[in-house]
Amino acid sequence: MGKLLKPRGLKGELRLWIFNEVDSALKTGMEVWVELADGEYSSHYIETLEICREKSWIKFSGSSQREDADQLSGMTFLISRDDFAPLKTKEFYLIDLIGCNVIDENRDSIGLIVDTMSFPAQNLIVVETKKKEVLIPFVDAHVSFFDKKENILIVKDVEG
């Protein structure tokens, strides 16, 4: 869903970067999960939220001091799939790509999608091949077809 950045002020608020701020499902009162450094997750409820590009910020219930915010700074946060906004026909979330087989237009196997990355310029898929991990831009120039039912993604022959 996003990443918690540095503290904002002294009252436990945090700046945040939302991976999809255009259609964010975040709301006051919602439960979010923060991925801790040890791989565990902690549950937090949104007390206050302001979404406005680089100035977005969040405050969790029970977080009232800068030190509370410092403990969560730099961590990724998630929401339950049940809280995602409904999709229109033929739409999907990037997370739906994880676990898909990647093949080329000749139907030869390239690898398996193990992660996605969201950047302002474009989204990337992380594909684990037999030899290494490769990053493929998730744009029309490189992706021919995604079949959610068959769990495959067809990519065009990309140099490199």
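These numbers come from the heavy atoms of this one structure, side chains and all, not from hydrogens, waters or symmetry mates.
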Is any side-chain heavy atom of [X] less than 4.5 Å from a side-chain heavy atom of [Y]?
| X | Y | value |
| --- | --- | --- |
| Val143 | Phe145 | no |
| Met117 | Leu135 | yes |
| Ile51 | Trp57 | no |
| Leu16 | Leu26 | yes |
| Ile79 | Trp33 | no |
| Leu112 | Val127 | no |
| Glu105 | Ile154 | yes |
| Thr48 | Phe60 | no |

Using the side-chain contact (heavy atoms from CB on, under 4.5 Å) rule, pick out the option among His44, Arg8, Glu13 that qualifies with Lys59. Glu13
Residue that, paired with Phe138, satisfies side-chain contact (heavy atoms from CB on, under 4.5 Å) out of Leu124, Thr116, Ile113, Leu94: Leu94
Of all heavy-atom pairs between [X] and [Y], which one has the smallest distance, and what is that distance?
| X | Y | result |
| --- | --- | --- |
| Tyr41 | Leu78 | CE2-CD1, 3.3 Å |
| Cys100 | Asn151 | SG-OD1, 3.0 Å |
| Arg66 | Gly9 | NH1-O, 3.1 Å |
| Ser64 | Asp68 | N-OD2, 2.9 Å |
| Ala69 | Ser63 | N-OG, 4.1 Å |
| Tyr93 | Pro86 | OH-N, 4.5 Å |

Look up atom [atom1] in [X] and atom [atom2] in [Y], then write down how far apart they are to the nearest 0.5 Å.
| X | Y | atom1 | atom2 | answer |
| --- | --- | --- | --- | --- |
| Gln71 | Ser42 | CD | OG | 9.5 Å |
| Ser56 | Ile18 | OG | CD1 | 5.0 Å |
| Leu72 | Ile58 | CG | CD1 | 10.0 Å |
| Glu67 | Leu10 | CD | CG | 8.5 Å |

Asp140 and Lys156 ion-paired at < 4.0 Å: no
Is there a path of hydrophobic side-chain contacts, each under 4.5 Å between heavy atoms of I, L, V, M, F, W or Y residues, that connects [X] with [Y]?
| X | Y | value |
| --- | --- | --- |
| Phe146 | Ile103 | no |
| Val139 | Leu97 | no |
| Ile152 | Ile125 | no |
| Ile46 | Phe84 | yes |

Can a donor-acceptor pair be found, under 3.5 Å and without considering hydrogens, that links the side chain of Asp38 to the backbone of Glu40? yes
Check whether Arg15 reaches the backbone of Lys55 with its side chain - one donor and one acceptor, N or O, closer than 3.5 Å. yes
Less than 3.5 Å apart, any donor N or O on the side chain of Glu31 or Ser80 sitting next to an acceptor on the other? no
With distance as the sole criterion, is a donor-acceptor pair present between the side chains of Glu35 and Thr76 under 3.5 Å? no
Kindly determine whether Leu153 and Asn101 satisfy side chain to side chain contact (heavy atoms under 4.5 Å, CB included), including the steps that lead there. CA-CA 6 Å; Leu153 180 78; Asn101 296 303; over 6 Å; no
Whether over 12 other heavy atoms sit under 6.0 Å from [X] [atom1]:
| X | atom1 | value |
| --- | --- | --- |
| Tyr45 | OH | no |
| Ile95 | CD1 | no |
| Arg81 | CZ | yes |

Would Leu14 and Lys6 satisfy side chain to side chain contact (heavy atoms under 4.5 Å, CB included), going step by step from the backbone distance to the final call? CA-CA 6 Å; Leu14 284 154; Lys6 63 183 182 177; over 6 Å; no
Please determine whether side chain to side chain contact (heavy atoms under 4.5 Å, CB included) holds for the pair Val155 and His142, giving the CA-CA distance in whole Å, both sets of side-chain angles, and the decisive distance to 0.1 Å. CA-CA 6 Å; Val155 296; His142 299 300; 5.6 Å; no
Just to verify, what does Glu50 make a salt bridge (Lys or Arg N to Asp or Glu O under 4.0 Å) with, not counting sequence neighbours? none
side-chain contact (heavy atoms from CB on, under 4.5 Å) with Val114: which residues, sequence neighbours excluded? Val126, Glu128, Glu133
Give the C-alpha distance, both sets of side-chain angles, the deciding distance and a yes or no for side chain to side chain donor-acceptor pair (under 3.5 Å) between Glu47 and Thr28. CA-CA 6 Å; Glu47 181 177 306; Thr28 303; over 6 Å; no
